[in-house]
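Everything below concerns the one structure shown next.
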Amino acid sequence: MRQALRAEWTKTRTVSGPLWLLLGTVALTVALSACACSVVSCGSAGCGDMTRLSLVGVQLGQAPVVVLAVLVVAGEYGTGMIRTTLTAMPRRATVLAVKAVTLTGIVAAAGTVAVLGSLASGRLLLPGRAFMAAPGHPPLSPTEGPTLRAALGSVLYLTLIALLSLGVATVVRDSAAGIGIVLGLLYLLPVVSATIGDPHWQRLLQRIGPMDAGLAVQATTDIHSLPIGPWPGLGVTAGWATAALLTGGLTLRIRDT
Amino acid sequence: MGRSRVASTATGPEPGAAYNRRHESISNSRLTAVSAPGIVVAGLHKRYGATLALDGMSFSVRPGVVTGFVGPNGAGKSTTMRVILGLDAVAEGTALIEGKPYRSLRHPLNHVGSLLDASALHPGRSGRNHLLWLAHSQGLAARRVDQVLERTGLAPAARRKAGGYSLGMRQRLGIAAALLGDPPVVMLDEPFNGMDPDGIIWMRGFLRSLAAEGRAVLVSSHLMSEVQDTADHLVVVGRGRAVADAGVAELIAAVSGNRVNLRTTAGTAATRVLTQAGATVTRAGGRDTLVVSGLPADRIVTLLGESAVPFSEVSAHRAGLEEVYLELTRDAVEFRAMTPTEAAR
């Protein structure tokens, strides 16, 4: 397992794709967060959840994470290198496990940078939007209770999206299909739930959608009015990731390559 | 071609004798512990939908010999190799590497080096880094990577991106990967593909040197001409199974039969005389050449002399391997030289 992990790490660092995609995640996350923080306008009563606002970039920054995670396995199917991989490491569970561990490590690292950058941009930009004038709005700090949870949760969210993508890609074995399915699941489900008139179904979709539910972890105000609580929400995303990885592991074990 | 005729013609040198001598000579150096053959494939059956891909594929690959694995495209060569490597599952049968299934090997590259598809690599990774991750997966040091790069002549291009390699260079990279773990068994699928004449000559010498080091070498090809100068032993496949599993010499002898080439300008007269004596005479490629079966050469000489039929040459007919191959794969009949144990009975 240690040797397999080292091999996977060597694989990851000897091509340029992963690094660029991780940099893309950081750039997109911070950029969208900064944009949102600089255009928001608030009344004197404040304007809701500053932490969530300054972490909104995660919604965009997850896209390169999806691409990266899908390519980690589907890219190997594309070139046929998966056969070389499985020939060198015949234990399927080991192959998937080291990919998951490596992916978790690099996405968590990039995610941490992205989240801290977003919070920093919020801290810099929001006072200019007359936020701080309102009482009860201390400057954003990643060490303060709910913000810490939101920041940590966002990093975990990104790694769970990576694992979900890895699992899906292992099942479908095709880069385009894998990226399409995961991005559709993330971005189309909220659109569908927004167009549904029935509030019951709408709330249900918001509770089970991997993005809507998972990003509940970013909320720091009005938690009780959310469709799902912060940690249970992240738990839903974890459920998606687990299901995808298990299905991926099973197909890897039983199907020919 | 019936099985009985094959058995009677495949006597000559005992099939296992050459191998045994060779094996004794190398057993002191490298493979002292090897007693089980490198690869043993037994009764593989596999179906893709309606197509029967493997239909009782059985053969073994022994150390110290280059075994050619030949057959038309679609005969099941690549499928068999994937099954040996644990990539494809079979409905029935077993494929063992030194007595163990591939998936149970802890550091498989130390047991079998294989090359299935030379283009199966990330185009953005350098050749050296491709070997490096493989080495790391087996707990091997980077030093080993440089050794195999030297041996395959790829060292000058090692730090370039593999996407820019020619097919011949990719073949060499794939072979470098196969040699990483210094394995006793080497298995290459169509290694001659995409190689220029220099590369083909290099590959032939290289395969022979691997066998001379005591390794079991299995090389597939859909062209007999590619392996005929390299292989000592041939497994000919057709329609998902081995239709022949014998030494090159035995195979040629078996297909040649007891046929005799007769060169004569008096073809009609010779045919009449020999047919009366019970022989079967056919006209061969050359204008003046007849192929006679059913009579030994000395009897033919006597008969023609008695009847005063002129002739310039009488020689044993030697089938070319291409001819052997075509005959075997056309009929897809079971053909097997006696194994040493069968011969002992």
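Per chain, numbering begins at 1; letters A, B, ... match sequence-line order.
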Please tabulate the donor-acceptor pairs under 3.5 angstrom that span chain A and chain B, backbone and side chains included.
unit_1, atom_1, unit_2, atom_2, d
A:Gln3, OE1, B:His107, NE2, 2.6
A:Arg6, NH2, B:His136, NE2, 3.2
A:Thr10, OG1, B:His136, ND1, 2.7
A:Lys11, O, B:Arg125, NH2, 2.8
A:Thr14, OG1, B:Arg125, NE, 2.8
A:Thr87, O, B:Tyr102, OH, 2.5
A:Ala88, O, B:Gln138, NE2, 2.8
A:Arg92, NH2, B:Gly86, O, 2.9
A:Asp256, OD1, B:Ala89, N, 2.8
A:Asp256, OD2, B:Lys46, NZ, 2.6
A:Thr257, N, B:Leu87, O, 3.1
A:Thr257, OG1, B:Leu87, O, 3.1

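- A:Ala88 and B:Leu134 get closest at one heavy-atom pair: CB-CD2, 3.6 Å.
- Neither the backbone nor the side chain of B:Leu180 comes within less than 4.5 Å of any heavy atom of chain A.
- With a threshold of 4.5 angstrom between heavy atoms, B:Leu85 approaches chain A through side-chain atoms but not through N, CA, C or O.
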